[in-house]
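In listed order, ligands and their atoms are each counted from 1.
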Amino acid sequence: MKIAILSRNRKLYSTRRLIEACEQRGHEPMVLDALRTYMEIASSKPEAHFKGQTLPNFDAIIPRIGASVTFYGTAVLRQFEVMGSFPLNESVAISRSRDKLRSLQLLARKGVGLPNTGFANSPDDIQDLIKMVGGAPLVIKLLEGTQGIGVVLAETKKAAESVIEAFMGLKANIMVQEYIKEASGADIRCLVIGGKVVAAMKRQAQAGEFRSNLHRGGSASLIKITPAERATAVKAARIMGLNVAGVDLLRSERGPLVMEVNSSPGLEGIESATGKDVAGMIIEFIEKTAKPHKTKTKGKG
Ligand code: ADP
Ligand code: MG
């Protein structure tokens with residue numbers, strides 16, 4: 001198959017592993033920097049070009065679109081969808097997952113367990129907002145943050161008030177969330193491919209830190225997940241419309257809570273913690289599933 005990997009850097013671990021897995025399984029991978037891919041939007045013959053060259057019709061596209069290039073990257077992916085390529089994850093699903101609030105609203109609608117979360121516009125409503133999520137300590141998050149940047153733990157009501165006020169003053173979009181203390185700085189990353197959890201790891205924050213992101217110094221280890229956790233992760237990926245997802249769960253007193261669903265989960269941490277060939281499983285999924293024009297939205301949304 002002709003497979004394009006939308007990635008800005010072929011040296012990144014995940015990109016390298018996907019190239020390797022394609023080659024091992026007899027496919028022709030091409031790495032495209034989405035920012036150097038441009039397109040002709042025409043109803044008769046839509047085209048995509050890359051650095052002056054007309055691109056072929058790919059059988060499948062593997063999007064690895066960085067958070068900072070979501071807008072342009074999803075436009076490029078949508079163009080390939082219009083041209084009939086099979087997207088590993090659809091552009092619409094990626095856009096949804098990049099907005100933490102939108103994701104939580106979609107999950108809440110289907111009864112998935114979530115940390116109580118509030119969202120408000122006016123500083124006048126801060127007091128009630130804090131009360132709504134159960135008071136301090138609480139977590140304040142930028143809607144489009146990633147890698148733990150933009151996630152703050154406010155230990156007291158006073159601290160919460162001033163941080164929320166400061167963010168609102170900067171016109172930053174934030175949500176306020178119940179702090180799940182009993183998770184003790186750990187979360188569970190479940191890697192879902194085609195409706196199955198194929199690998200899971202526990203990430204533990206370093207001492208004195210509540211954020212377990214590996215980019216923030218967290219450490220990964222193998223974990224056995226419960227049937228409820230497995231079911232929650234699979235359901236969350238399905239609701240988001242993602243074939244491949246990194247679903248992050250917090251273990252709480254009231255069961256597994258979904259914290260976020262990542263559409264471009266990194267492969268390095270999960271492959272080294274579990275020893276599994278996740279890249280190979282992704283390519284295998286594409287082999288089994290890819291068909292021309294097989295999207296739920298046909299590049300519409
Ligand atoms: P990012 O997209 O930046 O990774 P997350 O929402 O995943 O943002 O939060 C980063 C980390 O902070 C999580 O991995 C988790 O360890 C911790 N965290 C986030 N929200 C909560 C919460 N409500 N309760 C406890 N810990 C949290
Ligand atoms: Mg996260």
Side-chain angles (χ1 to χ4, degrees), residues 14 65-68 70 94-108 112-119 129-130 132-155 159-160 163-164 167 172-192 200-221 223 225 229 232-233 236-237 240 242 244-270 273:
S14 302
I65 297 165
S68 59
T70 299
I94 295 173
S95 307
R96 273 181 205 140
S97 75
R98 288 289 157 86
D99 177 337
K100 291 182 200 287
L101 180 68
R102 185 174 175 191
S103 306
L104 293 186
Q105 286 176 317
L106 289 170
L107 297 170
V112 173
L114 305 168
N116 289 334
T117 304
F119 184 57
L129 186 68
I130 293 176
M132 218 152 92
V133 300
L138 54 77
V139 175
I140 300 158
K141 289 186 192 183
L142 289 173
L143 293 198
E144 301 202 343
T146 179
Q147 304 185 343
I149 298 164
V151 179
V152 182
L153 175 62
E155 312 247 12
V163 175
I164 298 170
F167 275 133
N173 279 322
I174 50 149
M175 61 192 200
V176 175
Q177 196 165 69
E178 163 195 19
Y179 175 52
I180 308 300
K181 232 192 312 0
E182 62 270 27
S184 314
D187 73 352
I188 300 171
R189 159 63 58 96
C190 298
L191 208 112
V192 180
M201 65 173 166
K202 176 177 164 178
R203 296 179 302 191
Q204 179 68 53
Q206 57 181 341
E209 171 63 69
F210 81 105
R211 297 166 300 178
S212 60
N213 302 69
L214 302 183
H215 287 98
R216 303 270 73 74
S219 54
S221 60
I223 194 178
I225 58 170
E229 287 163 351
T232 302
M240 301 298 296
L242 292 167
V244 171
V247 181
D248 294 342
L249 303 175
L250 290 169
R251 276 188 172 162
S252 82
E253 281 158 2
R254 56 179 199 274
L257 304 179
V258 174
M259 198 169 38
E260 68 168 342
V261 184
N262 284 282
S263 55
S264 284
L267 301 183
E268 187 166 16
I270 195 96

For atom 6 (O) of ligand 1, find the nearest protein heavy atom and state the residue, atom name and distance (0.1 Å precision). K141 NZ, 2.7 Å
One residue to check: K181. Relative to ligand 1, which of side chain, backbone, both or neither has a non-hydrogen atom less than 4.0 Å away? neither
Among all protein non-hydrogen atoms, which one is nearest to atom 15 (C) of ligand 1, and what is the separation to 0.1 Å? M259 SD, 3.6 Å
Measure from the Mg ion (ligand 2) to every N/O/S atom of E260 and report the name of the nearest one. OE2
heavy-atom search around atom 17 (C) of ligand 1 in the protein gives F210 O, 3.7 Å
Is there a polar contact between ligand 1 and V139, counting only N or O atoms under 3.5 Å apart? no
Taking atom types as modelled, find out whether Q177 and T117 have a side-chain donor-acceptor pair closer than 3.5 angstrom. yes
Tell me the nearest of E209, R211, E260 to atom 12 (O) of ligand 1, using heavy-atom distances. R211
Name the closest protein heavy atom to atom 9 (O) of ligand 1, giving the residue it belongs to and the distance to 0.1 Å. V151 CG2, 3.7 Å
To the nearest 0.1 Å, how far is atom 23 (N) of ligand 1 from its closest protein heavy atom, and which atom is that? E178 O, 2.8 Å
Starting from atom 10 (C) of ligand 1, what is the nearest protein heavy atom, named by residue and atom, and what distance separates them? N213 OD1, 3.2 Å
Quick look: I180 vs ligand 1, heavy-atom contacts under 4.0 Å, and the answer is both
Nearest heavy atom to atom 2 (O) of ligand 1 wins, so pick from E182, R203, Q147, K100. K100
